[in-house]
Colleague: 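Take this structure first; my questions come after.
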Amino acid sequence: MKSPSQSKKNSAVFAAPTAHPVAPGDWLFAALLALAVLLRLWLALRGHAIRHPDEIFQGLEQAHRLVFGYGVPTIEADRHLRWPGLAALLAVPQYLAALLQQGPALYMPLTRTGAALLSLLPVPLLYLALRSRVAGTIAALACLLPMFWVELVDFATSPLADALATPVLCAAALLPLATARRDWLWAIGFCGLLALACALRLQLAVPALLIAAPVLWLGDGAARRRIVVAALAMLIALAAIDLAAGLVPFADVVANFSANLVEGLADNFGTEPWYYYPLAIAVHWGPALPVGIALLVVGLRQSWRLSVPGLALLLALSLIAHKEYRFYLPATELLVFAMGWGAAAIAGEVERRAGRYWTTTAVIVPALLCGMLVSPAYLEALNQSEDNIAQAEMAAAAHPDLCGLAVTAGGNIYEGAGYTYLHRNVPLAWMRGADLAAQSRRYNFAIAPQAAQIAAPYARDACFAATGSAPVCLYVRPGGCAPA
């Protein structure tokens, strides 16, 4: 039987942290965080391939329509299946560019920089949560895994709703563990993070409930009242955003239930078996999977408030027929942060058993081992450049005589870069390469796969073959464009 002191010690694993002055690990953490920021800023300025049509058309393209008045519509936008706040958030850099009379060369790096900085939001919270429980150096080094986990780095600059919601949800999970505060400001911040995550991706309501439940359970009466009032205030704020967009409050929630649960709209884009997400994790984590599982198991008793919501999200997503890799990114982040906590738990145990000499090694080895085991994925993520179709569209836009652009690369208009990158109010259309000759009078510029043969009157202007996306070439013909 455990002694009362042992039971008290175990029950204090998630006790509210106490305030500390500057700890020895603070400077180390600041240096590591600065390195993580620089890496993400470099990636933001370098650009990357378009991973998914939604990366452009569900957010950036609708923001472009909002700011500049033209863009490619989507069925989701027409049926209000997406929260209008996403386009509004992504419109901020575009509004700035419009004021400065600039285009994608300005607002795309700004957008990615904002996403990159947002991606690191939970990291200081993890450090604060660990810093009051283990030595500062251990806490700082335990943050290496979430700072540099390859999938989190790869998606750090993405404007996908999934990528933007991921750090917001994880920050909400860590906030109760990072500070003992439960005042009004804390309650508003906690509920605001959960509300924003759920607004960006509706399915995150599942982990959000599991994140909020223990906070309400463990809080005193005053804290619970503040959280409930703050949650109601967030619901009112979300309703106000919908009304400002000219919509019925929570129109996207109602539309999603109708389209996906009643009509089965999402299933039209493909379905996958229940084991798709476990298999995807096995593929993307590769040889690092056993290390990750070991860290999760070792730290489970201490980090269950991170790992349990992550696993619950995976379970909920597995029950939905339409599955995509990006959907489970929030679960990945929660699990990776729990793995960082597991590394800290191992180091703390090593310190108790073998002394401080081995603690640094104990916490660094898991991070280095995971990095080495997935090194090919790091090389792929770090070797990307701006998408080739996006580069070709910007090159076409730079020609003053552009009056119409035909794209034969990709499978449809949504596999291109849209007006987000073209940024010229001229006809833009996708078509099969075989149809280009018949439509040539309407389009004096064309983008085609590099291997395609484009007949006269088009002549090759430039080719783009950056790593990460299919190579394409830009073609131009003399003369103007006939009306539709």
Colleague: Quick check against the 3.5 Å criterion: does Arg226 have a side-chain atom that pairs as donor or acceptor with the backbone of Arg182?
Modeller: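 Pair found, side chain donor or acceptor close to backbone of Arg182.
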Colleague: With a 4.5 Å heavy-atom cut-off, do Val92 and Thr111 have their side chains touching?
Modeller: no
Colleague: If you define the side chain from C-beta out and look only at heavy atoms, does anything of Arg201 sit under 4.5 Å from Pro330?
Modeller: no
Colleague: Once rounded to the nearest 0.5 Å, what's the spacing between atom CG of Leu169 and atom CG of Leu193?
Modeller: 9.0 Å
Colleague: If you take the centroid of each ring, where Trp contributes its six-membered ring, are Phe337 and Trp341 closer together than 6.0 Å?
Modeller: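 No, the ring of Trp341 stays outside the 6.0 Å limit from the ring of Phe337, centre to centre.
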Colleague: Kindly determine whether Leu185 and Arg181 satisfy side-chain contact (heavy atoms from CB on, under 4.5 Å), including the steps that lead there.
Modeller: CA-CA 9 Å; Leu185 183 61; Arg181 292 179 59 175; 3.4 Å; yes
Colleague: So that I know where these two stand, are Tyr325 and His52 an aromatic pair - ring centroids less than 6.0 Å apart?
Modeller: no
Colleague: Indicate the atoms forming the closest heavy-atom contact of Tyr328 with Thr332, along with that distance.
Modeller: CE1-OG1, 2.9 Å
Colleague: For a 4.5 angstrom cut-off between non-hydrogen side-chain atoms, does Leu117 reach Val37?
Modeller: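 Yes, their side chains come closer than 4.5 Å.
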Colleague: In sequence, state the C-alpha distance, the side-chain angles, and the governing distance for Leu32 and Cys143, and then conclude on side-chain contact (heavy atoms from CB on, under 4.5 Å).
Modeller: CA-CA 9 Å; Leu32 294 174; Cys143 294; 5.9 Å; no
Colleague: Would you say Arg224's side chain and Leu216's backbone share a donor-acceptor pair under 3.5 angstrom?
Modeller: yes
Colleague: With the side chain counted from C-beta on, respond yes when Leu33 and Met147 share a heavy-atom pair under 4.5 Å apart, and no when they do not.
Modeller: yes
Colleague: Under a 3.5 Å cutoff, is there a donor and acceptor pairing between the side chains of Tyr414 and Asp54?
Modeller: no
Colleague: Begin from the C-alpha positions of Asp26 and Tyr127 and carry the test side chain to side chain donor-acceptor pair (under 3.5 Å) through to its verdict.
Modeller: CA-CA 9 Å; Asp26 290 352; Tyr127 175 66; 2.3 Å; yes
Colleague: Within a 6.0 Å radius of atom CH2 on Trp274, are there more than 12 heavy atoms belonging to other residues, nucleotides or ligands?
Modeller: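 Counting other residues, nucleotides and ligands, CH2 of Trp274 stays at 12 neighbours or fewer.
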Colleague: Is there a donor-acceptor contact under 3.5 Å linking the side chains of Thr420 and Glu61?
Modeller: yes
Colleague: Please evaluate residues Leu295 and Ile346 with respect to the criterion side-chain contact (heavy atoms from CB on, under 4.5 Å), reporting the C-alpha separation (whole Å), side-chain torsions for both, the decisive distance (0.1 Å), and the verdict.
Modeller: CA-CA 8 Å; Leu295 290 173; Ile346 291 174; 3.6 Å; yes
Colleague: Using a 4.5 Å cut-off on heavy atoms from C-beta on, say whether the side chain of Leu289 contacts that of Ile281.
Modeller: yes
Colleague: Main chain of Met372, side chain of Ser375: is a donor-acceptor contact present, judged purely on distance under 3.5 Å?
Modeller: yes
Colleague: Between Arg79 and Thr74, is there a side-chain heavy-atom distance shorter than 4.5 Å?
Modeller: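 No, every pair of side-chain atoms sits at 4.5 Å or beyond.
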Colleague: Would the distance check show the side chain of His284 and the main-chain N or O of Ala280 forming a donor-acceptor pair, the cut-off being under 3.5 Å?
Modeller: yes
Colleague: With rounding to the nearest 0.5 Å, note down the distance linking SG in Cys198 to CD in Gln203.
Modeller: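 The SG atom of Cys198 sits 9.5 Å away from the CD atom of Gln203.
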Colleague: Distance alone, cut at 3.5 Å: any donor-acceptor contact between the side chains of Ser119 and Arg40?
Modeller: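 Per modelled atom types, Ser119 and Arg40 side chains form a pair under 3.5 Å.
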Colleague: Compare every heavy atom of Asp162 with every heavy atom of Thr166, then report the nearest pair and how far apart it is.
Modeller: OG1-O, 2.7 Å
Colleague: Would Arg51 pass as a cation-pi partner of Phe155, given that its NZ or CZ must be under 6.0 Å from the six-membered ring centre and within 45 degrees of the axis?
Modeller: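 Output yes; distance and angle both within limits.
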Colleague: Between His322 and Glu324, do the side chains contain a donor N or O and an acceptor N or O under 3.5 Å apart?
Modeller: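 Indeed, the side chains of Glu324 and His322 share at least one donor-acceptor pair under 3.5 Å.
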Colleague: Ile320 vs Phe327, test: side-chain contact (heavy atoms from CB on, under 4.5 Å). Steps then yes/no.
Modeller: CA-CA 11 Å; Ile320 301 173; Phe327 290 168; over 6 Å; no
Colleague: Specify the closest pair of heavy atoms between Arg326 and Leu160, including all atoms of both residues, with the distance to one decimal.
Modeller: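 Distance-wise, the nearest heavy atoms are NH1-CD2, 3.8 Å.
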Colleague: Considering non-hydrogen atoms only, spot the tightest contact between Val215 and Pro176 and give its length.
Modeller: CG2-CG, 3.5 Å
Colleague: To the closest 0.5 Å, what do you measure between CZ (Phe29) and CG (Leu130)?
Modeller: 10.0 Å
Colleague: Quick check on Glu349: does its CD atom have over 12 non-hydrogen neighbours (other residues, nucleotides or ligands) under 6.0 Å away?
Modeller: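 Enclosed.
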Colleague: For Glu386 and Gln391, test the side chains for any donor-to-acceptor distance below 3.5 angstrom and give the result as yes or no.
Modeller: no
Colleague: To check you understand the geometry: which heavy-atom pair defines the closest contact between Ala97 and Tyr107, and what is its length?
Modeller: CB-CD2, 3.7 Å
Colleague: Nearest 0.5 Å please: distance from the CD1 atom of Ile227 over to the CG atom of Leu194.
Modeller: 9.5 Å
Colleague: Testing the basics here: between Asn388 and Ala470, what is the closest heavy-atom pair and its distance to 0.1 Å?
Modeller: ND2-O, 3.2 Å
Colleague: Could you tell me if the side chain of Pro122 sits less than 4.5 Å from the side chain of Leu126, heavy atoms only?
Modeller: no
Colleague: Quick check for you: to the nearest 0.5 Å, what is the distance between Asp387 atom CG and Ile50 atom CD1?
Modeller: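 Asp387 atom CG to Ile50 atom CD1 measures 4.0 Å (nearest 0.5 Å).
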Colleague: Under a 3.5 Å cutoff, is there a donor and acceptor pairing between the side chains of Glu393 and Tyr419?
Modeller: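 There is no such pair (donor and acceptor under 3.5 Å, judged by atom type) between the side chains of Glu393 and Tyr419.
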Colleague: Is it the case that the side chain of Thr113 and the backbone of Pro109 share a donor-acceptor pair, with hydrogens and angles ignored and the cut-off at 3.5 Å?
Modeller: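 Pair found, side chain donor or acceptor close to backbone of Pro109.
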Colleague: Would you please indicate if the ring centroids of Trp149 and Trp285 are separated by under 6.0 Å?
Modeller: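 Centroid separation for Trp149 and Trp285: below 6.0 Å.
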Colleague: What I'd like to find out is whether the side chain of Leu311 reaches to under 4.5 Å of the side chain of Leu335, using heavy atoms alone.
Modeller: yes
Colleague: Without swapping roles, check the side chain of Asp252 against the backbone of His80 for a donor-acceptor pair under 3.5 Å.
Modeller: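 Absent.
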Colleague: Applying side chain to side chain donor-acceptor pair (under 3.5 Å), can you list everything that pairs with Glu415, at least two apart in sequence or on another chain?
Modeller: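 Side chain to side chain donor-acceptor pair (under 3.5 Å) list for Glu415, sorted by chain: empty.
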Colleague: Measure the CG-CG distance between Leu317 and Leu313 for me, rounded to the nearest 0.5 Å.
Modeller: 4.0 Å
Colleague: Please evaluate residues Thr467 and Gln384 with respect to the criterion side chain to side chain donor-acceptor pair (under 3.5 Å), reporting the C-alpha separation (whole Å), side-chain torsions for both, the decisive distance (0.1 Å), and the verdict.
Modeller: CA-CA 5 Å; Thr467 304; Gln384 292 191 71; over 6 Å; no
